[in-house]
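Throughout, protein chains are lettered first and strands after them, A, B, ... in sequence-line order, and every chain is numbered starting at 1. In what follows, every heavy atom counts, from backbone to side chain, and hydrogens, waters and symmetry copies are set aside.
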Amino acid sequence: MQDCVINDSRRFQDLLFLRWQNRIPLNPQKNDSKTHLLLPQLRGQNNKDRKDFPTSVEAGTRDSPPHQQSFCTHHGLMRGASAPPFFLPIHLRLFYHPQVFVLDRSPLHQSGRNRPSMGKTLRIAQVFRQERALLGKAVSVQGWVRTRRDSKVGVSFVELNDGSCLRNLQVVVATDQPDLALLLPRISNGCSLLVEGTLTASPGREQSVELLATRIHVYGEANPATYPLQKKRHSFEYLRQIGHLRPRTNTLGAVARVRNRLSFAIHQFFQEREFLYIQTPIITASDCEGAGEVFRVTTLKPEDMAGGDGENIYRKDFFGKPTYLTVSGQLQAEIYALALGNVYTFGPTFRSENSNTSRHLAEFWMVEPEMAFCDLDGDLQTAEALIKAMVQVVFSDCAEDLAFFNRFIEPSLAGELQKTLSEPMEVLPYEEAVRILQNSGEAFQFPVSWGSDLQAEHERYLTEKLFKRAVALIHFPRAIKPFYMRVNDDEQTVAAMDILVPRIGEIIGGSQREERLDHLLDQMRLKGIGEEDYRWYIELRQYGSVPHSGFGLGLERLVQYLTGVGNIREAIPFPRTPGHADF
RNA sequence: UCCCCGGUAGCUCAAUCGGCAGAGCGGGUGGCUGUUAACCACUAGGUUGGCGGUUCGAGUCCGUCCCGGGGAGCCA
């Protein structure tokens, strides 16, 4: 992959587009006249019994010129046939078990020109992926020490982790080498190292390979008497207090990798469906979008605010009127959907509610697709496809981390996700849900009746006891939903949807939007929303209005759902909650 | 914001009815071992969240404040 056409200046977004545009249709059984990349080494002795192995990969031809290909598996480096440039990793791995067929997906790091770090070092994940090819070869890695175990027969074992994967690389230090032995007292839990050595087969039972060190450089020591992270398990509460060190733990590191993969997968999902990525503003002037309390944005000092008479104060403020941090990009996304078709936003969102729970943050990330010419059914379909795609990508690309979460964080995780993937999402009208709950025989703390919002205990009954998977509730009473949701023909309900998942509750909230001018104005009057503040929103219904729909997906809740972490504060690198804005 | 629970060694937690402040892990020292949550021995480590009160005596009871967790509401 190192010769792919990515310029130095291209960044994350460009890479995403290239991968998408050059994606390859795959059909390993077929063998027609199209370009094939033969993978002869995969049929070597070690893989004879692997029936699920591909023998060839069909590369879809685009209008790019032919290009020399090469890519890596952990079975070795191979040069492929002449073929147009393409990017295998993401799509290919959907078809095979990741441990059987793992492609190297970091082309940027492999050519000298693009390599960002010091020296010819490999990421530890790369070492494991290519371990057979690298056996007996010189390998350099750099990272942070997780543990050191000494043996008096002349070796010391240092486990190194660089965040590229969950597993540590065991470094073997022979103490008969004086220059290495001298370093050992400085090497402790938390210190940072460069290790050059030879990759060898390991006699130990916990790992297949290890790095026999020939040279070690200590970048930075970590005083063992004061280093806050121990080898032992720490409580999440404690780790939050050391937010600058907690990504060095197994769990928070794995969460970061899953969150990264999901963020990328969200873009992939929408880009593949030709949605446009729209950046909506973070500072807004509308404060009552029906989605919670807002943070004030101002350059005024406290003394400027004193003694003023309301409106006049804001004339002196930066924007000349009250402004706030956004609680949603939806209304602005609607503007672009009504010009460009399908769009999505993906960015930070702010709510100043004083909510102190395991599912709420004051600053969180939200994905908000908005689709023109789309009704509630289309909305539901997109939402279900998105959730399933996210589960799929974690299964295929984060298998090691997922196994870790399933073992140490949430034992029912893998089974639960598998069920989400294999079964259709349950879609349930609110009215029917109320009936089910009333006839459930459960002793709820809060009674269920048509017209009132469902309580957490009701949602939990539906997702965790009754259906045991994702449930979409639709058609809620209009009185309990915001003004922009489309009123149904019964005049009593709106075309809303809440998608609930086990453990988390609401993960997606969306609706078909009210596109009819008269109905929208009615709704605004009923909810007491001033028309003057939403002139532009109303005009969208006056000029070329179309049926359209959208939803909001909370990234952190998605991360919670897919990793099993119980508290949302572990699903974001730097959680902001009432009283907490540290690091 | 409301309800419940908690705050004791660097970390995780014990301490009976109000009666001498404890363990495991981590740190240090020594020993043993191709180790892998390593193991064995010794050792250092404390204003029991803050302030006030009751009592001969408070980690323990009362008041108050601070902090954390769980649940509820709001929602993504």
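Sequence order on RNA chain B of the closest nucleotides to A:His234 and A:Gly554 puts A:His234 first from the 5' end.
Aromatic ring pairs are classed by plane angle as parallel below 30°, tilted from 30° to 60° and perpendicular above 60°; the pair A:His458 and A:Phe444 is perpendicular.
In summary, A:Glu506 and A:Arg557 do not engage in a salt bridge, as defined by a charged side-chain N under 4.0 Å from a carboxylate O.
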Write out a two-atom table: protein N or O, nucleotide N or O from nucleotides 42-51 of chain B, distance below 3.5 Å.
none

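Contact detail for A:Arg569 and A:Leu361: the closest heavy-atom pair is CG-CD2, 4.3 Å. Of all the heavy atoms in A:Ala383 and A:Ile508, the pair that sits closest is CB-CD1, 4.0 Å. Across A:Asp379 and A:Ser549, no two heavy atoms sit closer than the pair CG-CB, 3.7 Å. Counting all heavy atoms, side chain and backbone alike, A:Asn250 lies closest to A:Arg257 at O-NH2, 4.5 Å. The shortest non-hydrogen separation linking A:Gly530 to A:Met524 is O-CE, 3.9 Å.
Residues that satisfy the side chain to side chain donor-acceptor pair (under 3.5 Å) test with A:Gln438, not counting sequence neighbours, are absent from this structure. Scanning for side-chain contact (heavy atoms from CB on, under 4.5 Å) contacts around A:Leu193 gives A:Val145, A:Val158, A:Leu160, A:Ile187, A:Cys191, A:Val195, A:Ile216, A:Val218, with sequence neighbours left out. Listed by chain and number, the residues in a side-chain contact (heavy atoms from CB on, under 4.5 Å) with A:Asn354 are A:Pro578 (sequence neighbours excluded).
With hydrogens and angles left out, the side-chain atoms of A:Ser151 and A:Arg149 include no donor and acceptor closer than 3.5 Å. Defined by atom type and a distance below 3.5 Å, a donor-acceptor pair is missing between the side-chain atoms of A:Gln142 and A:Ser140. Checking A:Tyr561 against A:Thr420 by side-chain atom types alone, a donor-acceptor pair falls below 3.5 Å. A donor atom on one side chain and an acceptor atom on the other are found under 3.5 Å apart for A:Glu368 and A:Ser328.
When distances run from any side-chain atom of A:Arg351 to the nucleotides B:C75, B:G73, B:C11, the shortest one goes to B:C75. Taking every side-chain heavy atom of A:Asn354 into account, B:U1 is the closest of B:U12, B:G73, B:U1.
Identified under the side chain to side chain donor-acceptor pair (under 3.5 Å) test for residues 444-457 of chain A, with sequence neighbours left out: none. For residues 194-205 of chain A, the salt bridge (Lys or Arg N to Asp or Glu O under 4.0 Å) pairs, not counting sequence neighbours, are A:Glu196-A:Arg215.
Listed in residue order, the members of residues 360-370 of chain A having a heavy atom less than 4.0 Å from RNA chain B are A:His360, A:Leu361, A:Phe364, A:Met366. Listed in residue order, the members of residues 381-391 of chain A having a heavy atom less than 4.0 Å from RNA chain B come to none. Residues from residues 456-475 of chain A with heavy atoms under 4.0 angstrom of RNA chain B, sorted by number: A:Ala456, A:Arg460. Taking every heavy atom of residues 239-259 of chain A and every atom of RNA chain B, pairs under 4.0 Å involve A:Arg240, by number.
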I would like to know whether A:Lys481 and A:Asp498 meet salt bridge (charged side-chain N to carboxylate O under 4.0 Å, His left out); could you show each step before the answer? CA-CA 11 Å; A:Lys481 288 294 180 184; A:Asp498 282 4; 3.1 Å; yes
Could you walk me through whether A:Arg240 and A:Glu570 satisfy the salt bridge (charged side-chain N to carboxylate O under 4.0 Å, His left out) test, starting with their C-alpha distance in whole Å, then the side-chain angles of each, then the deciding distance to 0.1 Å, before giving a yes or no? CA-CA 8 Å; A:Arg240 270 173 229 149; A:Glu570 272 69 66; 2.7 Å; yes
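When the C1' atom of B:G69 is taken as reference, atom CZ of A:Arg569 falls 9 Å away, rounded to whole Å.
Taking side-chain N and O atoms only, A:Asn567 has a distance below 4.0 Å to OP1 or OP2 of B:G70. Close to B:C74, at under 4.0 Å from its OP1 or OP2, lies no side-chain N or O of A:Ser355.
Distance check: A:Thr200 OG1 to A:Leu134 CG gives 12.0 Å after rounding to the nearest 0.5 Å. A:Tyr238 contributes atom OH, which lies 6.5 Å from atom CG of A:Leu229 (distance to the nearest 0.5 angstrom).
Between A:Met390 and A:Ile266, the closest side-chain pair of non-hydrogen atoms falls below 4.5 Å.
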Heavy-atom protein contacts under 4.0 Å, nucleotides 25-39 of chain B, coded B base, S sugar-phosphate only, - none: BSSS---BBBBB-S-
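With a cut-off of 3.5 Å on both pairing distances, the Watson-Crick and G-U wobble pairs of RNA chain B assemble into stems of 3 or more at B:1-7 with B:66-72, B:10-13 with B:22-25, B:27-31 with B:39-43, B:49-53 with B:61-65.
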